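Take a look at the structure set out below.
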Amino acid sequence: MEHYTKQDILRMAEEEEVEFIHLQFTDIFGTMKNVAVTAGQLKKALDNQIMFDGSSIEGFARIEDSDMYLHPDPDTFAIFPWRRQQGKAARLICDVYKPDGTVFESDPRYVLKKALSEAKAMGYDFLVRPECEFFLFHTDEDGRPTTLSHESATYFDPGPLDLGENARRDMVLTLEEMGFVIEASHHETAPAQHEIDFQYGEALWTADNIMTFKQVVKTIAKRHGLHATFMPKPKTGVSGSGMHINMYLGRDGMNMFSDEEDEKGLSKEAYYFIGGIMKHLKAVCFITNPTVNSYKRLVPGYEAPVYIAWSARNRTPLLRVLSSKESGVSVELRSPDPSANPYLALAVCLAAGLDGVRNRIMPPQSIDRNLFEMTEEQRRAAQIEALPGSLGEAALEFAKDDYIKAVLGEDLSGKYIKAKEKEYADYRTQVTEWEIGRYLHRM
């Protein structure tokens, strides 16, 4: 990751003839927002003088104290590769501050920064590698998204079966132009489903990259006449899209999850981290799987994890231990999906793991067999619980977990619960086509 000063950015913007700078930030639900300024206003922006109306951003501020200021992070300066002819555009990712110069505590980026500072106080860095899945669908004659695709490719199929191969290649090349190191890209299990993986990085940098990744994927898809969606389950009968999170704690460049003397290769920190994640996972799910649609993916039969267990041998449990010659041991959490706000998702995962490390919470015995082939009686005997079955259930679990709520803070937790309870209530009032087809003719 490059480190820039204000002078570096002003010089680069002038040398590259950048005309517009997008000052980006993220609302509490993970939607990117931005205020665009011209190059003539760049110095003002770098001096933290650009203001916006926080009351217009859901969950940010009341109208009576709505003024918010954007503080750009100089290290996030990047030029968009797709605006060369019409006048170059660049971006800076910003933190949100109040008029009195104090940080806005409900800014998702600040929530992650706060969790990372607690890890640093314990002597740890938090390293993360996401696996982001998405669908590429056709648009209709008016350019609106559909769930239609001509292809029938499956896992790892190449072109010409993989009709999205060209678009995915352009996404990878664009991401690399913006500084990403792409480790792999491939077609996923369902028709029109894809995955692009980038390297491990410090968690704040990774969360910023996830937001940039989504923007790039959607922009390049549109240029190919397609619509990219990170909706977890856009089609019935096929696998949904996840965002597996691979993570480990580091110290002075060393992987603190590795211990060659342990039979599973795990250090005490790794066991405790897994224990903390499992303790808080039902509440964490509310943040990592934040929509009604998220729980259409988390059902048996479509490769998504459902049962709260861990293993170093098979991939059916929710938590999987991975070992790599390059990075060492990591823990993969397989339940999150790409609709999650990445700042909040990484913050609650880290906080849950640190609770385990701090309080030496040992996980239950690992489950080294196929969880989907176990009967309900066998899972019950092994004390294996399931994830929440709906957004409503996840909201209740989150509301009960004071530790995870405290990660977001009282204000943000309250706003988030209120918004998601309304979303779930709105969903419950809808009559679906499935219900009409199932009941109308027989009742």
Side-chain angles (χ1 to χ4, degrees), residues 1 3 26 30 73 75-76 93 95 107-132 180-181 183 197-213 243-259 266-281 283-284 287-288 310 318-324 326-336 340-361 363 403-404 406-409:
M1 182 179 182
H3 294 287
T26 304
D73 182 340
D75 294 341
T76 65
I93 296 175
D95 297 306
D107 174 17
R109 201 167 188 263
Y110 169 73
V111 171
L112 178 55
K113 281 186 169 183
K114 185 174 65 171
L116 290 170
S117 68
E118 293 180 7
K120 186 66 71 175
M122 295 171 65
Y124 298 115
D125 300 312
F126 186 42
L127 288 301
V128 180
R129 182 176 70 86
E131 300 175 23
C132 298
F180 283 65
V181 176
E183 294 190 338
D197 303 330
F198 40 98
Q199 71 175 168
Y200 273 100
E202 187 272 335
L204 183 65
W205 178 80
T206 299
D208 288 341
N209 277 347
I210 292 171
M211 295 303 301
T212 300
F213 172 83
M243 185 178 71
H244 299 178
I245 298 175
N246 302 275
M247 49 195 163
Y248 68 88
L249 297 177
R251 177 181 292 159
D252 299 326
M254 300 291 292
N255 184 324
M256 300 305 293
F257 279 3
S258 300
D259 183 353
L266 302 181
S267 68
K268 286 293 185 183
E269 283 99 333
Y271 283 111
Y272 297 151
F273 195 92
I274 293 169
I277 292 278
M278 293 185 70
K279 174 184 175 181
H280 296 287
L281 195 49
V284 165
I287 305 300
T288 58
W310 73 280
L318 198 63
L319 281 156
R320 188 162 69 115
V321 175
L322 303 173
S323 184
S324 150
E326 181 181 351
S327 57
V329 171
S330 62
V331 173
E332 178 188 38
L333 181 61
R334 303 179 63 248
S335 52
N341 182 321
Y343 300 101
L344 299 183
L346 296 187
V348 294
C349 286
L350 172 59
L354 290 181
D355 186 41
V357 173
R358 194 181 294 113
N359 293 294
R360 301 186 176 187
I361 301 171
Y403 177 81
I404 296 298
V407 177
L408 273 64

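Keep in mind that this is a model prediction, so the values were computed, not measured. Only heavy atoms go into these numbers, but all of them, side chains included; no hydrogens, no water, no symmetry mates.
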For [X], check side-chain contact (heavy atoms from CB on, under 4.5 Å) against everything at least two apart and list the hits.
{"X": "Val331", "result": "Phe257, Ile274, Leu319"}
{"X": "Ala351", "result": "Tyr403, Val407"}
{"X": "Ala115", "result": "Ala347, Leu350"}
{"X": "Asn341", "result": "Thr26, Pro108, Tyr343, Leu344"}

Q) What class does the angle between the rings of Phe273 and Phe126 fall in, given that below 30° is parallel, 30 to 60° is tilted and above 60° is perpendicular? A)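 Answer is tilted, since the angle falls between 30° and 60°.
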
(Q) Surrounding CE of Met254 (heavy atoms of other residues, nucleotides or ligands, distance under 6.0 Å), is the total greater than 12? (A)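 Result for CE/Met254: open.
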
Q) Would the number of heavy atoms belonging to other residues, nucleotides or ligands and lying under 6.0 Å from CZ of Arg358 be above 12? A)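 For Arg358, atom CZ is crowded (more than 12 foreign heavy atoms under 6.0 Å).
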
Q.
I'd like to know whether Ile277 forms a side chain to side chain contact (heavy atoms under 4.5 Å, CB included) with Trp310, so could you lay out the CA-CA distance, the side-chain angles of the two residues, the decisive distance to 0.1 Å, and finally the verdict.
A. CA-CA 10 Å; Ile277 292 278; Trp310 73 280; over 6 Å; no

When rounded to the nearest 0.5 angstrom, what is the spacing between [atom1] in [X] and [atom2] in [Y]?
{"X": "Met243", "Y": "Thr288", "atom1": "CE", "atom2": "OG1", "value": "8.0 Å"}
{"X": "Asn209", "Y": "Met211", "atom1": "CG", "atom2": "CE", "value": "11.5 Å"}
{"X": "Lys113", "Y": "Leu116", "atom1": "NZ", "atom2": "CG", "value": "9.5 Å"}
{"X": "Arg109", "Y": "Ile93", "atom1": "CZ", "atom2": "CD1", "value": "6.0 Å"}
{"X": "Cys349", "Y": "Leu333", "atom1": "SG", "atom2": "CG", "value": "5.0 Å"}
{"X": "Asn246", "Y": "Ser330", "atom1": "CG", "atom2": "OG", "value": "5.0 Å"}

Q: Quick one: which residue pairs count as a side-chain hydrogen bond (donor to acceptor under 3.5 Å, both in side chains) with a foot in residues 247-258, not counting sequence neighbours?
A: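 Qualifying pairs: none.
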
Excluding sequence neighbours, so at least two apart, what forms salt bridge (charged side-chain N to carboxylate O under 4.0 Å, His left out) with [X]?
{"X": "Arg129", "answer": "Glu131, Glu183"}
{"X": "Asp259", "answer": "none"}
{"X": "Lys120", "answer": "Asp125"}

For [X], side chain to side chain donor-acceptor pair (under 3.5 Å) partners two or more places apart:
{"X": "Tyr272", "result": "none"}
{"X": "Asp197", "result": "none"}
{"X": "Thr206", "result": "none"}

Q. Taking Glu202 for the side chain and Leu204 for the main chain, is one N or O donor matched with an acceptor at less than 3.5 Å?
A.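 At least one qualifying donor-acceptor pair exists.
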
Q) Can any side-chain N or O of Asn359 pair as donor or acceptor with the backbone N or O of Ile361 at less than 3.5 Å? A)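 Not a single qualifying donor-acceptor pair exists.
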
Q.
Looking at every heavy atom in both Leu346 and Ala203, which two are closest together, and how far apart are they?
A.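 Answer, listing the atom of Leu346 first, then Ala203: CD1-O, 3.5 Å.
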
Q) How close do Gly250 and Met256 get, heavy atom to heavy atom, and via which atoms? A)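 Where Gly250 meets Met256 most closely, the heavy atoms are C-CG, 3.9 Å.
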
**Q.** Counterpart residues, ring-ring contact (aromatic ring centres under 6.0 Å, His included), relative to Tyr110 (two or more places apart)
**A.**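 Counting only residues at least two positions away or on another chain, Tyr110 forms no ring-ring contact (aromatic ring centres under 6.0 Å, His included).
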
Q. Can you check side chain to side chain contact (heavy atoms under 4.5 Å, CB included) on Phe198 and Ile210, steps first, answer last?
A. CA-CA 9 Å; Phe198 40 98; Ile210 292 171; 4.0 Å; yes

Q.
A side-chain contact here means heavy atoms from C-beta on lying under 4.5 Å apart; do Tyr124 and Val357 qualify?
A.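 Of all side-chain heavy-atom pairs linking Val357 with Tyr124, at least one is under 4.5 Å.
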
(Q) Would you say that Leu408 contacts Val348 through its side chain, given a criterion of any heavy-atom pair below 4.5 Å between the two side chains? (A)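 Result yes, sub-4.5 Å side-chain heavy-atom pair found.
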
